[in-house]
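Source: prediction; values computed, not measured.
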Protein chains: 2
Amino acid sequence: MDHTPLAATINLIGGKYKSLILWKLTNGLLRFSELRREIPCATPKMLTQQLRELETDGLINRKVYPVVPPKVEYSLTTLGKSLKPVLDTMYIWGTDYLSNKGIENKNTL
Amino acid sequence: MDHTPLAATINLIGGKYKSLILWKLTNGLLRFSELRREIPCATPKMLTQQLRELETDGLINRKVYPVVPPKVEYSLTTLGKSLKPVLDTMYIWGTDYLSNKGIENKNTL
DNA sequence: CGGTATCCAGGACGATACTG
DNA sequence: CAGTATCGTCCTGGATACCG
């Protein structure tokens, strides 16, 4: 079984904050400052970098409003939206994983 | 929507070769040299490192046979097997993504 | 066969300061 | 507000050689 498709997917969403950004944007568009608040652990530099890569890969749109103060909105492209099943599956697995870890801890008490 | 479960999943399978290793092991156990052949771009060092991390995280088993020449078999744990839906979804999305990229290229000809 | 040990280059990443 | 610029550090990861 060729693993190229798997590698391709990981290359697109495997970045440090990429899946988180995509996840936040599934609820609709967000401004830069809103993303910062949603993902506080990412510095502005990192956030910008990851956003640019997602944009280059065609997963998100970046819309700049030429106003003062500046306003930039990020949203999912059609391709980005198509990732929802992937993110959902990961989210569900992660939820199960974390809750089972909790049970294990309980058993050791 | 809290993104912790998503981050947890990415932390476990987001490593450079981790999803590929897990994917290869879904078909059954493999020896170290077989994994090397399946994933040639990974150096022995990297492969060892990723395998160790997967083992530490409880996703794979490492069974050592005390024979000469040495023999080590890697296989999925129950937890590792439970990742199959995640890997499958990523694989399917990656397949679609790559085939659509091909169509785009055709349109530009 | 299944790794380790060592070295090293380059990139990831954070902290801080600054700007249109 | 939405970044960019600069600096410096840590870590990733490749190359190579070696080992039980």
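In the set dG3(D), dG2(C), dG20(C), the nucleotide with an atom closest to the side chain of Pro70(A) is dG20(C). Proximity note for Lys16(B) (side chain, C-beta onward) versus dG13(D), dG2(C), dC13(C): the nearest is dG13(D). The side chain of Arg52(B) approaches dT4(C) more closely than any other nucleotide in the set dG2(C), dT4(C), dA2(D). Of the listed nucleotides (dG3(C), dC1(D), dG3(D)), dG3(D) has the atom at the smallest distance from the side chain of Pro44(A). Picking from dA2(D), dG2(C), dG13(D) the nucleotide with the shortest atom distance to the side chain of Lys45(B) gives dG13(D). Closest to the Thr48(A) side chain, of the nucleotides dG3(C), dG3(D), dA2(D), is dG3(D).
Note: CD (Gln50(A)) to P (dG14(C)) measures 10 Å, nearest angstrom. Atom C1' of nucleotide dG3(C) and atom CD of Glu55(B) are separated by 13 Å, given to the nearest angstrom. dG2(C) atom C1' lies 13 Å from atom CD of Glu34(B), rounded to whole Å. What separates CG of Leu30(A) from P of dC1(D) is a distance of 15 Å, to the nearest Å. Spacing between atom CG of Leu35(B) and atom C1' of dG3(C) amounts to 13 Å, rounded to whole angstrom units. Rounded to whole angstrom, the span from the CE atom of Met46(A) across to the P atom of dT4(D) amounts to 13 Å. As a whole-Å value, the separation of Leu47(A) CG from dA15(C) P is 14 Å. As rounded to whole Å, 13 Å separates atom P of dA5(D) from atom CD of Gln49(A).
Inter-residue side-chain proximity for Gln50(A) and Ile21(A) is flagged as met; some heavy-atom pair is nearer than 4.5 Å. Residues Leu76(B) and Leu59(B) fail the side-chain proximity criterion, which asks for heavy atoms closer than 4.5 Å.
Grouping the Ile, Leu, Val, Met, Phe, Trp and Tyr side chains by contacts below 4.5 angstrom, directly or via other members, places Leu98(A) with Met90(A). In terms of hydrophobic clustering, with Ile, Leu, Val, Met, Phe, Trp and Tyr side chains grouped at heavy-atom distances under 4.5 Å, Tyr74(A) and Val67(A) are assigned to different clusters.
In this structure, Arg31(A) reaches the dA2(D) phosphate: one of its side-chain N or O atoms is under 4.0 Å from OP1 or OP2. An OP1 or OP2 oxygen of dG3(D) is reached within less than 4.0 angstrom by a side-chain nitrogen or oxygen of Arg62(A). For the OP1/OP2 pair of dG14(D) and a distance below 4.0 Å, the side-chain nitrogens and oxygens of Thr43(B) include at least one atom meeting the criterion.
When heavy atoms are screened at a 4.0 angstrom cut-off, Tyr17(A) is found touching the sugar-phosphate backbone but no base atom. Note on Pro69(A): only backbone sugar-phosphate atoms sit closer than 4.0 angstrom, heavy atoms only; bases stay farther off. Heavy atoms of Arg36(B) sit nowhere under 4.0 angstrom from any nucleic acid atom.
The distance from the CZ atom of Phe32(B) to the CD atom of Glu73(B) is 14.5 Å, given to the nearest 0.5 Å.
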